[in-house]
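The following block contains the structure, expressed as structure tokens.
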Amino acid sequence: MNRISDPQNDPTPEHPKGSPDDAVAYDPAVRLRGPGVGARRFFLFGASLVATVYAAWLMADVLGADQLTIMEMVVVAFFSINFAWISLSFFTGIVGLILRGLKLDAITLKRLKPIARKGPLQSKNVVVIPVYNEDPNRVFAGLRASYESLAATGEIDAFDFFVLSDTRDPDIWIAEEMAWAKACTDLNARGKIFFRRRAENTERKSGNLKEFCETYAANYDHMIVFDADSVMSGDAMVNMAYLMENNPDAGIVQSPPQPTGRQTLFARILQFISRVHGPTMSAGLSFWCMGSSNYWGHNAIIRVKAFIECCGLPVLSGKPPMGGHILSHDFVEAAFMRKAGWRCWLIPQLEGSWEELPPNLIDFAIRDRRWCQGNMQHARLMVADGFKPLSRLHFFMGVMSFASSPLWLLLLLSSTIATLQNTQLTYSFFPGHFTMFPQWPVDRSFEMLVLLIFTIGMLVLPKIISILMVCLGRDRKQYGGVMVLMSGLLETLYSALQAPIMMMLHAQFVFSVLTGNQVGWDAQERDDAGVPFRAALKTHRTIIVIGLIWGAIAVFVDTAFFWWLSPILAGLVLSPWLTHYSSNLAIGKAARRMKLFVTPEEYDSPEELRALERITAENGGGGDVKDGLLRLIEDPYANALHSALLPARKPDSRTAIEIGIIYEKLARLGIESLTRDEKLLILSWPVKPLDQIMAGRDASAAKSPDVLS
């Protein structure tokens, strides 16, 4: 392990450790208990089931008015599955709206009150930040903003910070080390902020945390997991630790992170609706999940003892993507926690927790592609032994978040085929047996309208009410004042056009996973990057062709059916323009000036976000990473720091020969001749300074006059 960053080797006095399980008395004001758990779930699932049965019956009645064909039966089946998913979200939103309107705590059902701590923390906590090829300036700016906020609470002694690097880019690796050293110096935080890089990044993020727990976690009671773009207020982190201390059966406490910090139109729209409607859904989820809530992988606090004992992830049988290491580890870790008897809580009122979104639709889809593979693996865990029923439901919800798209697509395609069949159907007004009265075709126009309104209402009503609540509330100025309603209308229109695009992309992702194609692991785009029109056109060209052909078939089949399908067709055909213009930074800034899609973080920015912006600006905005190997060769301080962070070991004879060959290549041909893997091998051992490399060049009769050009 890294000698200079090892907390066990740090000369600072040992932090006082206390186990919350040994506390004599707990604060009753923050005990996570609530009445009527069974009644809550019975109400919500019962209402969802009734609504689904009614919608399925109405659909079957509409389609089977004259005669129900096999294809129409398929339509009813797909519709029922998707409507069950919609109705569960609808009633979750309705419950959330009631709780927000009455200002009730989702868990206790008592009047919502801020957390009032009684006395200092007794536990020892650690904030862990797993990173993989991320911009070091942005990572450490978020760390420093959170650290400064935590220090202002007076509870900094109860926390340490660990940056857990899985980076495989040699230049970013060295930049991380330099950024860590600078943060320790600027914050006077030597012995409080640690840096560790793994030699092998097995099992990705979950393996990173596993290695940390096996090495260092015994020193801590709880760990708060950050993403590379996470920022949290000191009060939020202290409140989370306080909740864990006073709820010894809690394994995970999840905060609902709010997206912030991006300025493209796409990101601003998502930030706005997440800030307006997100609290509604969080309250509803917390209401019926109670101690069986989910874990979202970051901005949450975890009891270390429970995590070590319960959360060792299995390797699924078979080959990736459906087999192998579990990618979406967070849902599974929460399920293992519940399986062992620990509780997992979502606390909607835990504010001061932020993250960043991808800046455009394509980067958003790339992130979803990674999540899709992990979530589809959950289908195998739904039937595994030992999991709690709600854990299986969470697995199902994870699968459906992507599988619903191909189901919707199949539903629409089935509807098109069924409509085509009906246009070719010749009605028999008189049956084969004798009757005096003809059997006329039955008109179901009214029932179709009812079904359409019912379905659309389920989809958008909770969101519309959330927008109206903000529009009529006292804090509407924080959301743009009189422009809140316009922001809501434009967001609804944008979502309607974007939905068919995401349906097609998600359907493609699911098909790709099911046919054996696995995804790579890359860092998320964290700048306000736009999408050139040509790139958008290239990405969406298949979608456009499908939309045009589908539209032509719909016109041929039935003009009325074409107009019913037109919102979906419009999204498909307009997809490159929608992607291009929504990614435009200038349009996003213009919307901000017009007070469109404003969030409270923009109206009155919290100190933590102002600090993040200030620190990022001081570091030059990030993204400028120098050649790491050249920096070590030229800078003795950087070289000494890097050597001190490496584990104390010696290369075997074969590795030593390989390193010698690479140094000879470096001396002859220069740094630009080295591959990334060659640089990584050199950087895995103490790097020779410039004078030794120059001596090696002279000894090898180098042909190049400038080995380091």
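Both backbone and side-chain heavy atoms feed into the values below; hydrogens, waters and symmetry mates do not.
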So which pairs with a foot in residues 269-278 pass side-chain hydrogen bond (donor to acceptor under 3.5 Å, both in side chains), sequence neighbours left out?
R275-E601, H277-S466
Roughly how far apart are L327 CG and R370 CZ, rounded to 0.5 Å?
10.5 Å
Kindly state each residue pair satisfying side-chain hydrogen bond (donor to acceptor under 3.5 Å, both in side chains) with at least one member in residues 29-44, sequence neighbours excluded.
none
Using the test side-chain hydrogen bond (donor to acceptor under 3.5 Å, both in side chains), find all partners of N247 that sit at least two apart in sequence or belong to another chain.
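N247 satisfies side-chain hydrogen bond (donor to acceptor under 3.5 Å, both in side chains) with no residue once adjacent residues are dropped.
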Qualifying residues under ring-ring contact (aromatic ring centres under 6.0 Å, His included), relative to F140, sequence neighbours excluded
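So F140 forms no ring-ring contact (aromatic ring centres under 6.0 Å, His included) with any residue.
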Quick check for you: to the nearest 0.5 Å, what is the distance between C289 atom SG and L44 atom CG?
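CG of L44 is found 9.0 Å from SG of C289.
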Which residues share a side-chain hydrogen bond (donor to acceptor under 3.5 Å, both in side chains) with E602, sequence neighbours left out:
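Testing E602 for side-chain hydrogen bond (donor to acceptor under 3.5 Å, both in side chains), a comparison that skips the adjacent residues, returns R268.
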Only counting residues at least two apart or in another chain, list the ones meeting side chain to side chain contact (heavy atoms under 4.5 Å, CB included) with M376.
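Here the qualifying residues are M322, C372, V399, V510, V513, L514.
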Using side-chain hydrogen bond (donor to acceptor under 3.5 Å, both in side chains) as the criterion, list what pairs up with R476, not counting sequence neighbours.
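So R476 forms no side-chain hydrogen bond (donor to acceptor under 3.5 Å, both in side chains) with any residue.
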Which residues share a side chain to side chain contact (heavy atoms under 4.5 Å, CB included) with K339, sequence neighbours left out
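F336, F387.
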Basic-acidic side-chain contact under 4.0 Å: K205, D330:
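No.
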Do R610 and E607 sit within salt-bridge range, that is, some charged N less than 4.0 Å from a carboxylate O?
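Yes, R610 and E607 are salt-bridged.
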Residues two or more places apart in sequence or in another chain: which of them pass side chain to side chain contact (heavy atoms under 4.5 Å, CB included) with V50?
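Per chain and number, V50 pairs via side chain to side chain contact (heavy atoms under 4.5 Å, CB included) with no residue.
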Please identify each residue that fulfils salt bridge (charged side-chain N to carboxylate O under 4.0 Å, His left out) with R144, with sequence neighbours left out.
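For R144, the residues satisfying salt bridge (charged side-chain N to carboxylate O under 4.0 Å, His left out) (neighbours in sequence not counted) are D186.
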Do D160 and K124 touch side chain to side chain, with heavy atoms closer than 4.5 Å?
yes
Listed partners of S404 passing side-chain hydrogen bond (donor to acceptor under 3.5 Å, both in side chains), at least two apart:
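Once residues adjacent in sequence are excluded, S404 has no partner under the side-chain hydrogen bond (donor to acceptor under 3.5 Å, both in side chains) criterion.
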Which of parallel (below 30°), tilted (30 to 60°) and perpendicular (above 60°) describes Y220 and F162?
perpendicular
Tell me which pairs pass ring-ring contact (aromatic ring centres under 6.0 Å, His included) where either residue lies in residues 282-306, with sequence neighbours left out.
F45-W288
CD/E608 to CG/D235 distance, rounded to the nearest 0.5 angstrom?
8.0 Å
Show the numbers, then the answer: is there a ring-ring contact (aromatic ring centres under 6.0 Å, His included) between F454 and Y54?
CA-CA 10 Å; F454 189 47; Y54 172 71; 5.5 Å; yes
